[in-house]
Amino acid sequence: MTMPALQPANWLGLSSSHLSQIDDHHALLAPAKLAWLAMAKAAAEDGLELNLVSSFRSFQRQQLIWDSKFNGQRAVLDDHHAPVAMETLTELQKIHAIMRFSALPGTSRHHWGTDLDVYSKPLQQQPLQLIASEYQAGGPQFATWQWLQQRAHEFDFFFPYATDLGGVACEPWHLSHAPSAQKVEAMRQPEAILDAIINANVAGQKTIAANFDTLFERFVSPISRLG
Ligand SMILES: [Zn+2]
């Protein structure tokens, strides 16, 4: 399965022309889609239903999330799941608080079509919050996490946010299809991302631009290679 040729608009999430649809709500790059379907089949054979929370997410969708958090219209939570008093923060502090849990538009790995968020619907009695404790011992998705840790590597998936490296918080549900993601990662150009942020008038863009290199180094580049 070869990778389609990608333009910056693809890895920026501005175009979905590189993707293959999975169902009405989800699309991935063809090699990642095949790997996902094979993994879900293997899980089903082990009695575990795997479901997608998120797959491809567009720049526009990421900007809606970003702008509403930056402007105080959507809650930003801290590491203890308590709301952050955004009105008391400087613009840079707001950006740091958001980037702990939500990517800056243009930098999300969900733009690539290589990354997905996974849970098992039948195991989830309460609404899914996507918090790490749901995937830890005693949580409803612990069996999902255990299965993924044992088997996901067979399908070339790894966990870029399985470890808190001080930027993005721990996200055990986030899987990345390594062979596809490595190719997209190699194409990524920070300058093109900043151009897209300015063109789209993303909230806080002046402060983002003034601090772009350090934001990138702290929240975008560091990932766990745990497979
Ligand atoms: Zn994710």
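This is a predicted model, so every value here is computed, not measured. Whatever order the structure lists them in is the order used to number ligands and atoms, beginning at 1.
Here the N, O or S atom of His174 that is nearest to the Zn ion (ligand 1) is ND1. No other N/O/S atom of Asp117 lies as close to the Zn ion (ligand 1) as OD1 does.
Legend: residues meeting side-chain hydrogen bond (donor to acceptor under 3.5 Å, both in side chains) with Lys41, ordered by chain and number and at least two apart, are Glu45. Partners of His110 under the side-chain hydrogen bond (donor to acceptor under 3.5 Å, both in side chains) rule, at least two apart in sequence or in another chain, are Asp117, His174.
Among the atoms of Asp115, no N, O or S atom is found under 2.8 Å from the Zn ion (ligand 1).
If you chain together hydrophobic residues whose side chains sit under 4.5 Å apart, Val84 and Ile131 never meet in one group.
Taking CG of Asn51 as the reference point, atom CD of Gln124 lies at 10.5 Å (rounded to 0.5 Å).
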